[in-house]
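Okay, so here's the structure we're looking at.
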Amino acid sequence: MREPAAGQSWRVAVGLGVPFCAIVLAIPFLGGTRMTVAAFPLPVFWMFCCFILASLCMAIVWTLSDRRRGDDG
């Protein structure tokens, strides 16, 4: 049995919205800085962090959606 479309909106928001906002909204603000973190420019370090953030968001969505389904798939 499929969930209604409204039940899937949180998955889209977490899985795609959070990483998208972290990149698209933050990079223009970070682009003009000269700060470095661990010898990397701040925008480059932020992008590395966004890779991890995107992976965590997808893991959260996958874990929570599979727990609701149960064993019937």
Side-chain angles (χ1 to χ4, degrees):
M1 180 181 249
R2 296 189 114 182
E3 289 184 36
Q8 295 179 1
S9 62
W10 70 270
R11 293 179 193 164
V12 174
V14 172
L16 295 175
V18 172
F20 179 80
C21 290
I23 293 170
V24 171
L25 298 179
I27 291 299
F29 294 110
L30 297 175
T33 63
R34 293 181 179 245
M35 288 180 52
T36 59
V37 178
F40 291 106
L42 187 60
V44 173
F45 182 76
W46 182 258
M47 290 301 295
F48 286 140
C49 292
C50 286
F51 294 147
I52 296 168
L53 175 70
S55 299
L56 288 175
C57 288
M58 296 305 272
I60 289 168
V61 170
W62 180 71
T63 302
L64 293 179
S65 65
D66 276 356
R67 284 188 183 173
R68 288 180 120 188
R69 260 191 223 161
D71 288 335
D72 11 278

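Everything numeric in this text was worked out from a predicted model, so none of it was measured.
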Solution key, residues 43-50 side-chain donor-acceptor pairs under 3.5 Å, sequence neighbours excluded:
| unit_1 | atom_1 | unit_2 | atom_2 | d |
| --- | --- | --- | --- | --- |
| Trp46 | NE1 | Ala22 | O | 2.9 |

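- Members clustered with Val18: Leu53, by chain and number, using a 4.5 Å side-chain heavy-atom cutoff among hydrophobic residues.
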Which pairs of donor and acceptor atoms, one on a side chain in residues 23-41, lie under 3.5 Å apart (sequence neighbours left out)?
| unit_1 | atom_1 | unit_2 | atom_2 | d |
| --- | --- | --- | --- | --- |
| Thr33 | OG1 | Leu30 | O | 2.8 |

